[in-house]
2 protein chains.
Amino acid sequence: MRKRATAKQVAEAAGVSKWTVIRAFTPGASITEESKRKVLEIAAALNYTPNLLARSLATNSTRQVAVFVDDFANPQKLPFLETLTEQLQAAGLVAMLININNHFDHVNALLHADQRQVDAIILFGTAFRDETLTDLQLGHGMPPMFVLARDSQIDGVPAVVCDAELALRDIVRHLYERGYRRPGFMSGAAALSTALRRRQHYLEFWAQHSIQNISLLSADRYSADAGAASVRAYLASTPAKERVDVLMCENDILALGAMDEIRGNFGLKIPEDIAIVGFDNYELGGSYGYGLTTYEQPREEMVRAVVSMIKGAVEPETVTLPGRLVVRSST
Amino acid sequence: MRKRATAKQVAEAAGVSKWTVIRAFTPGASITEESKRKVLEIAAALNYTPNLLARSLATNSTRQVAVFVDDFANPQKLPFLETLTEQLQAAGLVAMLININNHFDHVNALLHADQRQVDAIILFGTAFRDETLTDLQLGHGMPPMFVLARDSQIDGVPAVVCDAELALRDIVRHLYERGYRRPGFMSGAAALSTALRRRQHYLEFWAQHSIQNISLLSADRYSADAGAASVRAYLASTPAKERVDVLMCENDILALGAMDEIRGNFGLKIPEDIAIVGFDNYELGGSYGYGLTTYEQPREEMVRAVVSMIKGAVEPETVTLPGRLVVRSST
DNA sequence: TTGTAAGCGTTATCAA
DNA sequence: TTGATAACGCTTACAA
């Protein structure tokens, strides 16, 4: 059990009251330079620093934000976590990273975060069951919640997402202008609303060009291997004449796997035989070997939006932000 | 300001003292079934749950662990974070994710974690300046610290690492048995002890086979592009006859970039012209397109070791754990 | 089994 | 500017 100096001890050593000590550590408090200097000096000698835990109890604000994550397979999470922690910390907040993968009970995680008195909860791209939330929301008093990088269909829980409609419009326009006319779409495993929406808009915008006959592939996980397996099955069962001329994959990881398979195993050329589009702008996709055309989510802006709402600088409401089409050699 | 029911309120509503309420929520406390049932019932009605913040203050234990991360570019961090949060949570602990990249002051981060009264601090693969630590350690009273996935050269701060000597011995033995005799090594940017150690052991074990002439390449970042650029410069300036027959890269990301460049830009075959070895067993390296031979760190065991020490189940001391050579088609 | 008193280290508020 | 009182919601130790 390690010991720390408390304000009281510093006060005694400095010959002042403990409130004066507190003031010395409170920016802008009314205290004479003289007292402040003396207190800080003694505090340094005694190795005293304010106890944020006690402060949280007294102020009813922990300045901690729970961040729920359930899918650690998507490498895209990492830059998001970096940006998120960076902006939270810059705002004087700190992230509690809570894993809610299969091993954990979602309701319990929520309750636990609440008991820790976090100032807010961010559902970061999680497949949170909506019923779970509605149940608990009713039980009032929960910390404010936000959904990041995924749609929210829960009343009163705002989401910050990349504008899927705009994204798919840009993508399809690009593909159409490049001359592709036989599109395909590879879905990932999850029936997440965000995922479904990408496909839906893809179909919708092709339909506006009177192209309705779209090949639908599906991968059973979000991994390169699953992407490869999916495209392998497709190519193996589809005569060259009938194949798509462009395949959009729901995210970059699937796309990378598909590219490997198309070039390596089938000896086809990208984009001459089949063009490929991904989603997320995962770093490796931009490397020489791939040159994957993709769409980048406005990470900084999305995070900024959530953090602003948490800080209370902005009214909480669902925000949809435009991303950026990144054209490379795969289309 | 949201309101929560407190133990006192529940006590009044239930007609008992608040300590009885506490007992109802304390497993194994001495309380009659009758009182307990009643209290829990009223508590549920009032939406009461114990305030973990107040508990932490009273018990002097937050059950929070600060996890410092500075390099979010390495996708290997993600599975580690998943395992770490999983095991911490299973032990009743929760991770505070603290970003200490360039934007932040390391000393301050440490001080801040301390002020938050965390039970422990994990330096997860960070390039923490050792002087920083020694300074602060002296100021006693800091939470116990641990270094994960990197060597620690700081007195009293134990590390949990993958056994580099064993790893490189296995790798070099494998390469030697496969018949390779002209090895090369690509280093990443950082002068991290862990990184230097890999190269050192690589040289050492080749030397045991009387092979001393080892080509040293270096990449200026840990990214696929940097790996590609490094190998490009090498190949462009080295006649085919004089080239290495096997190139070990300090991690998988560098290796993947190198592979792309070797095959795509130079039209060489892997492993016939140049064999490649990586380190980390990053998922994409295992996909069909790469088939990268690599070495897998014993993630679960490493995390288990740290968590055991934090729980106090095991004496804190540096632990070196054996990993696993993963042989694929690139060698 | 249950209630009481004291304490954890702060902050808010008011009085001096 | 400074000091004092009460409060934050819980735990520990002890008494009833």
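Order of the sequence lines fixes the chain letters, A, B, ..., with proteins taken first and strands second; residue numbering starts at 1 for each chain.
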Asp114(B) has an atom CG; how far is it from atom P of dG9(C), in whole Å?
-> 13 Å

Donor-acceptor pair, side chain of Thr126(B) and main chain of Asp70(B), under 3.5 angstrom = no

Send over the distance from Ile31(B) CD1 to dT2(C) C1', rounded to a whole Å.
-> 9 Å

Proximity to the side chain of Thr59(A) - top-ranked nucleotide from dT4(C), dT2(D), dT11(C) = dT11(C)

Rounded to the nearest Å, what distance is computed from the CD atom of residue Glu12(A) to the P atom of nucleotide dG9(C)?
-> 12 Å

Interatomic distance where CZ belongs to Arg116(A) and P belongs to dC8(D) [whole Å] = 22 Å

How do Arg23(B) and Tyr48(B) order along DNA chain D: which one's closest nucleotide is nearer the 5' end?
-> Tyr48(B)

Using a 4.0 Å heavy-atom cut-off across all strands, classify Lys8(B) as base, sugar-phosphate, or nothing.
-> nothing

Apply the test salt bridge (Lys or Arg N to Asp or Glu O under 4.0 Å) to residues Arg37(A) and Glu41(A): give CA-CA distance (whole Å), side-chain angles for both, the deciding distance (0.1 Å), then the verdict.
-> CA-CA 6 Å; Arg37(A) 196 191 48 69; Glu41(A) 188 175 307; 3.1 Å; yes

With a 4.0 Å cut-off on heavy atoms, is Ser35(A) in touch with a base, just the backbone sugar-phosphate, or nothing at all?
-> sugar-phosphate

Find which nucleotide of DNA chain C each of Gly15(B) and Lys18(B) is nearest to by heavy atoms, and output the residue with the more 5' nucleotide.
-> Gly15(B)

Spacing between Lys36(B) atom NZ and dT2(C) atom P, to the nearest angstrom = 12 Å

Distance, rounded to the nearest Å, where Arg55(B) contributes CZ and dG9(C) contributes P | 18 Å

With respect to the side chain of Val16(B), which nucleotide from dG3(C), dT11(D), dT11(C) is positioned closest?
-> dG3(C)

NA contact type, Thr49(A), heavy-atom cut-off 4.0 Å: base, sugar-phosphate, or nothing?
-> sugar-phosphate

Only one of Phe80(A), Phe68(A), Phe146(A) passes ring-ring contact (aromatic ring centres under 6.0 Å, His included) with Phe124(A); say which it is.
-> Phe80(A)

Using a heavy-atom cut-off of under 4.0 Å over every strand shown, decide if Leu57(B) touches base, sugar-phosphate, or nothing.
-> base

OP1, OP2 of dG3(D) versus side-chain N and O of Thr20(A): anything below 4.0 Å?
-> yes

Compare side-chain N and O positions of Thr32(A) against OP1 and OP2 of dT2(D) and report whether any pair is under 4.0 Å apart.
-> yes

Using the side chain to side chain donor-acceptor pair (under 3.5 Å) rule, take Gln297(B) and Asp280(B) through it: C-alpha gap first, then chi angles, then the decisive distance, then the call.
-> CA-CA 6 Å; Gln297(B) 300 197 42; Asp280(B) 275 349; 3.1 Å; yes

Name the nucleic acid region contacted by Leu53(B), choosing base, sugar-phosphate or nothing; use a 4.0 angstrom heavy-atom cut-off, strictly under.
-> nothing

In short, Gln117(A) meets Leu53(B) closest at the heavy-atom pair CG-CB, 3.7 Å

Any N or O donor-acceptor pair linking the side chain of Trp19(A) to the base of dT13(C) at under 3.5 Å?
-> no

Expressed in angstrom and rounded to an integer, what is the separation of Phe25(A) atom CZ from dT10(C) atom P?
-> 9 Å

Between CG of Asn51(B) and C1' of dC8(D) the distance, given in whole Å, is 9 Å

